[in-house]
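All heavy atoms count here, side chains included; hydrogens, waters and symmetry mates do not.
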Amino acid sequence: DAATGEELWRFDAEAEPVGPPILDRKRVLLVVADRLIMVDVRTGEAQSDYPLPGIVTAPVLFKTILVYGTREGEVVAFDSRTGKEKSKTKVADRAVSTALVQAGPLVYGAVEEVLFAVDASKGRVVWTFEAKAPFMAPAIANKCIYVGAGTTFYCLK
């Protein structure tokens with residue numbers, strides 16, 4: 001209970017989390033190891049369990065589409081309703097190295113020196129931007145992307 005701190009339920013996922021829990025209407029989406037476990041928000045009971053091979057970034061949820069980065073440098077769009085992969089887009093030859101950030105239908109992230117934007121609904125790379133140092137996780141505000149790479153900070157519109 002957020003007001004009292006009283007435990008309402010607990011769920012043992014039996015694996016370390018990849019990112020924070022994500023709320024989707026009446027479910028809590030838990031991403032652990034290479035799996036997605038959906039738990040009923042009221043009871044704490046598992047409703048479904050799907051494999052997410054290669055996941056390395058905390059995912060973001062766009063409507064019912066879960067988007068995440070992989071060890072193979074891909075961005076995957078996964079339909080949380082059907083448990084099926086919608087698309088897989090190669091963005092680099094290395095693992096996706098920063099947390100993904102969502103702003104509208106676009107998802108932003110980085111693979112070391114490459115910053116990218118992916119259309120979550122279509123699963124395609126919209127643009128890439130390169131620097132001479134690895135990117136930190138971007139922040140989105142005022143219709144701009146603020147991001148640092150090494151000692152340089154960028155504002156991209």
Side-chain angles (χ1 to χ4, degrees), residues 13 15-41 46-157:
E16 295 287 322
V18 173
I22 300 170
L23 293 176
D24 175 22
R25 297 185 190 173
K26 297 180 181 178
R27 302 176 300 175
V28 178
L29 283 65
L30 306 173
V31 179
V32 296
D34 282 354
R35 298 173 28 223
L36 169 65
I37 304 168
M38 292 188 231
V39 175
D40 185 290
V41 73
Q47 295 178 324
S48 51
D49 190 332
Y50 299 117
L52 298 180
I55 186 170
V56 292
T57 62
V60 296
L61 187 66
F62 176 70
K63 297 183 181 176
T64 62
I65 305 301
L66 192 72
V67 181
Y68 63 91
T70 72
R71 290 186 275 280
E72 294 79 27
E74 301 156 328
V75 174
V76 177
F78 179 88
D79 191 325
S80 68
R81 287 175 310 189
T82 65
K84 305 257 187 238
E85 187 177 286
K86 271 190 75 159
S87 66
K88 186 183 292 184
T89 304
K90 186 81 168 176
V91 292
D93 293 328
R94 299 173 303 280
V96 174
S97 53
T98 66
L100 300 179
V101 178
Q102 182 214 343
L106 296 183
V107 174
Y108 303 90
V111 177
E112 307 224 353
E113 296 89 11
V114 178
L115 183 71
F116 61 83
V118 172
D119 183 323
S121 61
K122 296 182 179 139
R124 65 176 176 81
V125 176
V126 177
W127 55 258
T128 61
F129 180 80
E130 293 187 33
K132 295 183 182 188
F135 281 101
M136 296 184 283
I140 313 291
N142 307 320
K143 297 183 181 179
C144 291
I145 302 162
Y146 300 93
V147 65
T151 59
T152 305
F153 285 85
Y154 299 90
C155 174
L156 307 173
K157 196 163 193 161

- Task: Check the pair D24 / L61 against side-chain contact (heavy atoms from CB on, under 4.5 Å), numbers first and verdict last.
- Result: CA-CA 8 Å; D24 175 22; L61 187 66; 3.7 Å; yes
- Message: Are the side chains of F116 and L100 in contact, using a 4.5 Å heavy-atom criterion?
- Response: yes
- Item | NZ/NE/NH1/NH2 to OD/OE distance under 4.0 Å, E72 and K88 | no
- Task: Please tell me if the side chains of F62 and V107 come closer than 4.5 Å, counting only heavy atoms from C-beta onward.
- Result: no
- So with a 6.0 Å cut-off around CZ of R94, is the heavy-atom count from everything else above 12? yes
- Please check if the side chain of S80 supplies one atom and the backbone of L66 the other of a donor-acceptor pair under 3.5 Å. no
Show me the donor-acceptor pairs, under 3.5 Å and distance only, between side chains in residues 29-39 and residues at least two apart or in other chains.
{"unit_1": "D34", "atom_1": "OD2", "unit_2": "R71", "atom_2": "NH2", "d": "3.1"}
{"unit_1": "R35", "atom_1": "NE", "unit_2": "D49", "atom_2": "OD1", "d": "3.2"}
{"unit_1": "R35", "atom_1": "NE", "unit_2": "D49", "atom_2": "OD2", "d": "3.3"}
{"unit_1": "R35", "atom_1": "NH2", "unit_2": "D49", "atom_2": "OD2", "d": "3.0"}

- With side chains defined as the heavy atoms from C-beta onward, is the minimum distance between Y108 and T98 less than 4.5 Å? no
- Item | is_close_aromatic(Y154, F129), centroid dist under 6.0 Å | yes
- Determine whether P59 and V67 make a side-chain contact, defined as any pair of heavy atoms from C-beta on separated by less than 4.5 Å. no
- Task: Indicate yes or no for a side-chain donor-acceptor contact from E130 to the backbone of K132 under 3.5 Å, with no hydrogens or angles considered.
- Result: no
- Message: What I'd like to find out is whether the side chain of I65 reaches to under 4.5 Å of the side chain of D79, using heavy atoms alone.
- Response: yes
- Message: Using side-chain heavy atoms (C-beta onward) and a distance below 4.5 Å, is V118 in contact with V126?
- Response: no
- Item | Close side-chain approach of V147 and L115, heavy atoms under 4.5 Å | yes
- Going from CZ on F135 to CD on E113, what distance comes out if it is rounded to the nearest 0.5 angstrom? 8.5 Å
- With E74 via side-chain hydrogen bond (donor to acceptor under 3.5 Å, both in side chains) - residues at least two apart: T70
- dist T64:OG1 -> F78:CZ (nearest 0.5 Å) comes out at 10.5 Å
- Hey, is the main chain of C144 close enough, under 3.5 Å, to the side chain of N142 for a donor-acceptor pair? no
